[in-house]
Amino acid sequence: MIGMLRRTFAYWNSERANFLYPALIRPQLEYAMPVWNDLYKKDKDILERVQRRASRVCDLRGKSYEERLQILNWTSLEQRRRRGDMIQTYKLANNLDNMNFGKKVFSEMNENECARRGHKFKIIGESHVT
């Protein structure tokens, strides 16, 4: 997709990158992210390389990847994955998500269990492994 966009536009600048990357490239990189997020570091690195390549625009040459992200006002894919995980956990903990597992997913623990485990929420459910 990046190659097609660069062939289509003679000059790939930060304005075009800010317009086209979030609309056409990032959704493909983040597709089904909650499912595969914690699998392999090598897969995450490959996706991050795609964003590195997309951030190399003509008017930002010679700058580091972190500087380019800051100038373009993008976040790294790792930060986006972490943020998505926190949002999903919050939704599940507060019953804001429309996911029906057949029973309550989180249960509040009493104070004794909370002192041992470090927080008051515990994920409940049966294992599907047979």
Side-chain angles (χ1 to χ4, degrees):
M1 182 62 77
I2 295 171
M4 182 194 70
L5 291 173
R6 288 193 176 172
R7 284 190 302 273
T8 304
F9 297 101
Y11 185 69
W12 184 250
N13 60 8
S14 57
E15 183 181 332
R16 284 197 178 123
N18 269 336
F19 181 72
L20 296 172
Y21 174 78
L24 299 174
I25 300 169
R26 190 187 294 151
Q28 293 179 9
L29 298 177
E30 294 179 348
Y31 177 74
M33 186 170 43
V35 176
W36 59 261
N37 183 14
D38 291 329
L39 288 180
Y40 297 109
K41 184 179 181 328
K42 65 178 183 171
D43 294 335
K44 294 177 192 179
D45 292 341
I46 291 170
L47 293 176
E48 197 72 39
R49 265 190 273 155
V50 173
Q51 181 164 302
R52 281 179 186 271
R53 184 170 172 226
S55 71
R56 286 189 206 126
V57 294
C58 295
D59 51 347
L60 298 179
R61 290 184 193 245
K63 299 198 183 295
S64 70
Y65 175 57
E66 290 76 22
E67 290 173 326
R68 291 192 309 255
L69 288 181
Q70 192 172 20
I71 292 169
L72 292 168
N73 200 21
W74 295 353
T75 56
S76 70
L77 294 176
E78 179 64 31
Q79 290 171 333
R80 292 182 66 81
R81 283 191 294 271
R82 246 186 276 135
R83 182 176 182 268
D85 286 347
M86 288 189 290
I87 289 170
Q88 189 62 38
T89 303
Y90 175 82
K91 286 179 179 180
L92 288 171
N94 294 296
N95 293 324
L96 298 174
D97 205 342
N98 196 11
M99 296 175 69
N100 184 4
F101 293 110
K103 60 181 166 179
K104 194 173 181 180
V105 176
F106 286 91
S107 69
E108 289 196 32
M109 295 187 278
N110 62 34
E111 287 185 27
N112 293 335
E113 288 179 303
C114 182
R116 273 187 309 182
R117 303 205 185 248
H119 55 81
K120 69 177 185 174
F121 293 107
K122 177 182 177 187
I123 299 175
I124 57 174
E126 298 176 13
S127 173
H128 296 298
V129 179
T130 55

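Annotation: side chain of Leu47 is not in contact with side chain of Gln51 (no heavy-atom distance under 4.5 Å). Side-chain contact check for Ile25 versus Leu5: some heavy-atom pair is nearer than 4.5 Å. Using a 4.5 Å cut-off on side-chain heavy atoms (C-beta onward), Val50 and Ile2 make contact. Residues Asp59 and Ser14 form a side-chain contact, since some pair of their non-hydrogen atoms from C-beta on lies under 4.5 Å apart.
Note: the hydrophobic cluster containing Met1 also contains Val57 (ILVMFWY, side chain heavy atoms under 4.5 Å, direct or indirect links). Hydrophobic cluster membership differs between Tyr31 and Leu77, with clusters built from Ile, Leu, Val, Met, Phe, Trp and Tyr side chains linked at under 4.5 angstrom. No path of Ile, Leu, Val, Met, Phe, Trp and Tyr side chains, each step under 4.5 Å between heavy atoms, connects Ile87 with Leu92, placing them in separate hydrophobic clusters.
Expressed to the nearest 0.5 Å, how far CD of Gln70 lies from OG of Ser55 amounts to 13.0 Å. To the nearest 0.5 angstrom, Asn73 atom CG is 7.5 Å from Asn18 atom CG. Atoms CD and CG, from Glu67 and Leu72 in turn, are 11.5 Å apart once rounded to the nearest 0.5 Å. Remark: Leu69 CG to Lys63 NZ distance equals 13.0 Å, nearest 0.5 Å. Note that CE of Met4 and CG of Leu24 are 6.5 Å apart. Values are rounded to the nearest 0.5 Å. Summarising the geometry, atom NZ belonging to Lys44 is positioned 14.5 Å from atom CG belonging to Leu29; distances are rounded to the nearest 0.5 Å.
Within the structure, the salt bridge (charged side-chain N to carboxylate O under 4.0 Å, His left out) test picks out the following pairs touching residues 23-36 (sequence neighbours left out): Glu30-Arg80. A salt bridge (charged side-chain N to carboxylate O under 4.0 Å, His left out) check over residues 2-18, counting only residues at least two apart or in different chains, returns nothing.
Judged by distance alone, the side chain of Arg56 and the main-chain N or O of Arg61 form no donor-acceptor pair under 3.5 Å. Between the side chain of Gln79 and the backbone N or O of Ser76, at least one donor-acceptor pair lies under 3.5 Å.
The local environment of OH in Tyr90 is sparse, with at most 12 non-hydrogen atoms from other residues, nucleotides or ligands closer than 6.0 Å.
Here Arg81 does not pair with Asp85 in a salt bridge; the nearest charged N to carboxylate O distance is not below 4.0 Å.
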Hey, mind stepping through Asp45 and Tyr40 against side-chain contact (heavy atoms from CB on, under 4.5 Å) and telling me if it holds? CA-CA 9 Å; Asp45 292 341; Tyr40 297 109; over 6 Å; no
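Taking both residues in full, the closest heavy atoms of Pro22 and Pro27 are given as O-CD, 3.3 Å, listed atom of the first, atom of the second, then distance.
Remark: Trp74 engages Tyr21 in a ring-ring contact (aromatic ring centres under 6.0 Å, His included) (not counting sequence neighbours).
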